[in-house]
Amino acid sequence: MVEKRLLLIDGNSVAFKAFYALYTALGTFTNSEGLHTTAIYGFNTMLETMLKTVKPTHALVAFDAGKTTFRTKMYDDYKGGRPKTAPELSEQFPYVKELLEHRGIQTYELPNFEADDIIGTLAKQAGEQGFTTTIVTGDRDLTQLADDHTTVAISKKGVSDVEHYTPAYVQETMGVTPAQIIDIKGLQGDNSDNYPGVTGVGPKRAVDLISKYGSVEGVYDHIDEITAKKLKEHLIADHEQALLSKTLATIKRDAPVTKQVADLVYEGDNHDELVDFYRRMNFKKFLAQMGDGGEPLTDTAELKPITFTTLTADNCDQLPDFSAGCDFYLEMDGDNYHLADFVGFVIGTDQHWWVSRDVSLLAQAPLKGLLESADVAKQVFDAKRTYVGLNRLGVTLAGVDGDLLLCSYLLNTYDNSNDLGQVAHEHGDEQVALDEDVYGKGAKRAIPTDDQVLFSHLARKAQAIADLRPKLLTELKENDQDQLYRDIELPMSFVLARMEVAGITVDASELEAMGSKFTEQLAEIEQTIYNEAGEEFNIGSPKQLGHILFEKMGLPVIKKTKTGYSTAVGVLEKLASDAPIAENILRYRKIAKIQSTYVEGLLKVIHPKDQKVHTRYLQTLTQTGRLSSVDPNLQNIPVRTEEGRAIRKAFIPRHDGWQIFSSDYSQIELRVLAHMSHDANMQEAFREGEDIHAATARRIFKMGPDEEVTPNIRRQAKAVNFGIVYGISDFGLSQNIGISRKQAKAFIDTYFQEYPGVKDYMDRMVQQAHEMGYVETIAHRRRYLPDINSRNFNQRSFAERTAMNTPIQGSAADIIKIAMIQMEDAIKDLQATMLLQVHDELIFEAPAEEIETLSKLVPSVMDSAIKLEIPLKVESHYGPTWYDAK
DNA sequence: CGACTCACG
DNA sequence: ACGTACGTGAGTCGT
């Protein structure tokens, strides 16, 4: 018999969750008629995921019929005190239902009952009829329905991010069986549904009581066994309330549902209706997925035609001189612009576009002159990419006046796609297609051979750059971000471009030598581990490893992950004392990591022509304003352990006799905090040149002036300082330094007493985030925190910590960026070259005779990059390799 | 493609 | 009471 799979969805709950999840992630969005579409979009995203994973044969979406239900009759205040559903959400429900109709899924609601009860009733029927059922909801209470043939999928953060609750998983995460969920609710009540439970009983006590006595009734049968006096009193006093709450929490399995499971056959999409619906909703992404036979649907039909002139060697001389500026876009096929094939380019202004596939034209007159002229103002998208691309053609780009990507990122760090079309859409310009729609994606990706298609796309890109520029510039001014843009980010992109082009030399033979040594060591440890385990297995597989350690060898389980046993460092370290295998696995992991990521990884990206690696710095990615580094990532080369650090021996200067020189800011984030918080005590410590962690130790441990700060005490104080910068929680701190949560809380309280300005700063940042929706760095870099007003404790707490941390981390990023821009100028007469940035340090290569000069120059540029209320401190090191620059 | 683990500041 | 430090990228496994 064919397997029958039923998908049951709690419509209200999922729409609600989708609305807020996307609202916080992407902001609100609407179709062309002003209808909000966030929930509809999110709902459909969830549907796509569930249809794909569950592959239902039957499906139904249940909705709540109204406010009054049999529960409100039992208890007036049921779900009382809830804020009214936002109109932006409620207006979407009719469309969610319409969407479901087009998708071939039935909907159902039943007066006096909630969606839960419909689902409970149908799931029961389905179980009896041999269905496998998946329930989708945002409400954990429904986990009470989990059984052998029913899984409850709870959407977590995103809409498609779900957690699947089987009975075993319910037991594991909640500590009780699905059937006991209602007993838990009976004792603890439910805040969001507004019913009380028993006074003084929270989740913890509820789980304890129910796992001991089985049910609410069981608890009262054994009420005399309860020794805690207060608890017993409360239980007795709230007896009726507990029984009522349990009833309220119980989902009906026998509601008078008029549908039969067998009637819920999933019909599948009505293609034409759905396409029409997506059009009306402006769902580009879903439209693109609808293309027949998997062909991407280019919605060029919706784009207005655009005119252009094809450039050739013969008509280049007819180009205008662009003395009033122009827009330029260079297309390459792939992310890595150091290597990607050139596709073509567009240049022009005022709706006159010249296009070509022949990039060699760029290296000849008159285009080369135009591009290299500082007097011809050019508007581009991704200046750094453009600079590096042109550099490969022998053209040195100058005179860039605007970068649409940078503008977009600075206005909102989320609007940072490398696809010009995507960015344009985010700013309301729909007149350019997404690259994916024109070029395809994955294996199907191909540059169109049809000139009309390719050139129109390129011309539209240039048009979008031209059209969006004034709008984005105005917005930057309104945000007081024009200086950040003009004086920091735009110049920064060229500094970075030149660092990327310069690259850093890597000694492949050094890496290879290390590699063979590691290979030997790995083979040896591997054998030892197999002997200890009594069999061979894949050490790199956490799943197999978990099986060996915790099932075969019976070691104690310290921590679990979603999918099984955790085998993370912390866990293995705890096991190491009584199981030598743990120690060996740690050693194996460490070496395997160095081997695969750094030895093999780096060897793969050494450019055979120049023996260098050329990273790409992503300037518009992080939410704080830091850079990131990819292909390869040169910002996470090992340093903390000797074995790893040895990798740095392979990073060498490009000439014999040259040196690697490195300068780093000392405690820049804490100094930034001292500055921004104006805290007198912290500022004093920095002004006096004290060891800040030791100074903090003296304060939080109330030490006398003669008492010695031991390394251990200093270590704890250091952890507290870190915690403060990250937006502290007592739990986080307690985990980090292995103390009790209570103790951690005491440390934090004392810290804030000793550094009251810091406390004020933290409160101020959280408050600003609440009021304005964003926080700012010293240079007015902005980060929006939509979750700051979330009703979800986790999301809100995370946003609050971010509000505290981002101005600190981001201002430190501002400072080093300013320093880097000034640095280029400061060293322009030297042979020394700036090669790398690792968040708070800069790495150079230079002839030995310039080291003395650099030792003065570099720190002076770095510490004077910005004037703070306290001094900045810079430390420098150098040596024949990066390893020696310590 | 997500989860896990681990490298960095 | 909620589950917890902030910001990243890459390799590997297994669905």
Side-chain angles (χ1 to χ4, degrees), chain A residues 49 53 140 160-162 188-192 197 200-207 413 538-546 561-572 585-586 589-590 592-598 600-602 604-605 615-618 621-641 644-645 647 664-665 667-669 719-720 722-737 741 744 748 783 791-798 800-810 812-813 816 837-841:
Chain A
T49 313
T53 52
R140 276 168 183 262
S160 45
D161 188 9
V162 292
Q188 82 171 62
D190 186 319
N191 272 337
S192 75
V201 176
K204 233 188 164 138
R205 280 189 156 173
V207 171
T413 48
N538 186 343
I539 306 170
S541 158
K543 196 177 158 196
Q544 293 184 34
L545 180 60
T561 67
K562 252 178 274 179
T563 47
Y565 310 104
S566 169
T567 64
V569 176
V571 173
L572 294 180
I585 290 162
L586 285 169
R589 279 231 187 111
K590 193 198 277 171
K593 170 83 178 179
I594 299 170
Q595 177 79 316
S596 73
T597 306
Y598 298 104
E600 290 165 3
L602 277 171
K604 261 184 257 172
V605 291
T615 186
R616 279 177 298 133
Y617 289 103
L618 306 187
L621 180 130
T622 70
Q623 297 303 306
T624 55
R626 275 189 175 182
L627 303 174
S628 87
S629 157
V630 295
D631 259 357
N633 180 357
L634 294 181
Q635 291 182 318
N636 72 346
I637 302 302
V639 69
R640 291 174 192 172
T641 66
R645 189 170 204 151
I647 292 288
D664 64 284
Y665 284 110
Q667 269 120 28
I668 190 165
E669 293 195 343
V720 179
F722 267 95
I724 292 290
V725 168
Y726 293 154
I728 199 147
S729 77
D730 50 14
F731 184 90
L733 179 64
S734 73
Q735 290 292 299
N736 195 298
I737 51 179
R741 194 169 163 165
I748 295 165
R783 178 174 187 177
R791 280 149 303 278
N792 179 312
F793 175 88
N794 263 331
Q795 289 181 7
R796 189 176 64 248
S797 304
F798 184 47
E800 286 171 356
R801 292 196 294 274
T802 313
M804 302 182 227
N805 170 264
T806 295
I808 303 174
Q809 193 183 114
I816 195 165
Q837 187 250 43
V838 190
H839 309 306
D840 64 357
E841 68 180 310

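Below, read A as the first sequence line, B as the second, and so on, with proteins coming before strands; counting in each chain starts at 1.
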*For every nucleotide of nucleotides 4-9 of chain B, 5' to 3': is a protein heavy atom under 4.0 Å from its base (B), only from its sugar-phosphate (S), or from neither (-)?*
SSBBBB

*asked:* Going by side-chain hydrogen bond (donor to acceptor under 3.5 Å, both in side chains), name the residues that satisfy it together with Tyr565(A), two or more places apart in sequence or in a different chain.
replied: Glu551(A)

*Looking at residues at least two apart in the chain, or sitting in another chain, which of them share a salt bridge (charged side-chain N to carboxylate O under 4.0 Å, His left out) with Arg741(A)?*
Asp730(A)

_Taking any heavy-atom pair under 4.0 Å as a contact, classify Leu627(A): base, sugar-phosphate, or nothing._
nothing

*asked:* Under 4.0 Å, counting only non-hydrogen atoms across every strand here, what does Thr806(A) touch: a base, just sugar-phosphate, or nothing?
replied: nothing

*N/O donor-acceptor pair under 3.5 Å between Ser629(A) side chain and Leu634(A) backbone*: yes

_dT4(C) versus dA3(B) - spacing of their P atoms, nearest Å_ = 14 Å

*Using a heavy-atom cut-off of under 4.0 Å over every strand shown, decide if Ile808(A) touches base, sugar-phosphate, or nothing.*
nothing

*Looking for any heavy atom pair under 4.0 Å, which part of the strands does Thr622(A) touch: base, sugar-phosphate only, or nothing?*
sugar-phosphate

*Span of DNA chain C in contact with chain A (heavy atoms, under 4.0 Å)*: dA1(C) to dT15(C)

*At under 4.0 Å between heavy atoms, what does Asp730(A) touch on the DNA or RNA strands: base, sugar-phosphate, or nothing?*
nothing

*Under 4.0 angstrom, heavy atoms only, what part of the nucleic acid is Gly540(A) near: base, sugar-phosphate, or nothing?*
sugar-phosphate

*Using a 4.0 Å heavy-atom cut-off across all strands, classify Gln544(A) as base, sugar-phosphate, or nothing.*
sugar-phosphate

_Rounded P spacing from dA5(C) to dT5(B) in Å_ = 14 Å

*State which residues pass salt bridge (charged side-chain N to carboxylate O under 4.0 Å, His left out) with Glu800(A); sequence neighbours excluded, sorted by chain then number.*
none

*Mind checking what makes side-chain hydrogen bond (donor to acceptor under 3.5 Å, both in side chains) contact with Gln837(A), not counting sequence neighbours?*
Gln635(A)

*Reckon Val725(A) touches a base, only the sugar-phosphate, or nothing at all at heavy-atom distances under 4.0 Å?*
nothing

*Contact class for Asp631(A) (heavy atom, under 4.0 Å): base, sugar-phosphate, or nothing?*
sugar-phosphate

*For Arg616(A), report the nucleic acid contact type (base, sugar-phosphate, nothing); a contact means any heavy atom under 4.0 Å.*
nothing

_Strand DNA chain C in bracket notation, Watson-Crick/G-U under 3.5 Å with | for pairs to another chain_ = .....|||||||||.

*Pairing residues for Lys593(A) by the salt bridge (charged side-chain N to carboxylate O under 4.0 Å, His left out) criterion, not counting sequence neighbours*: none

*For Asn736(A), check side-chain hydrogen bond (donor to acceptor under 3.5 Å, both in side chains) against everything at least two apart and list the hits.*
none

*Sequence neighbours left out, what passes side-chain hydrogen bond (donor to acceptor under 3.5 Å, both in side chains) with Gln595(A)? Give chain and number order.*
Thr519(A)

*asked:* Going by salt bridge (charged side-chain N to carboxylate O under 4.0 Å, His left out), name the residues that satisfy it together with Arg783(A), two or more places apart in sequence or in a different chain.
replied: none

*Using side chain to side chain contact (heavy atoms under 4.5 Å, CB included) as the criterion, list what pairs up with Thr413(A), not counting sequence neighbours.*
Tyr409(A), Gln623(A)

_Using side-chain heavy atoms (C-beta onward) and a distance below 4.5 Å, is Thr567(A) in contact with Arg589(A)?_
yes

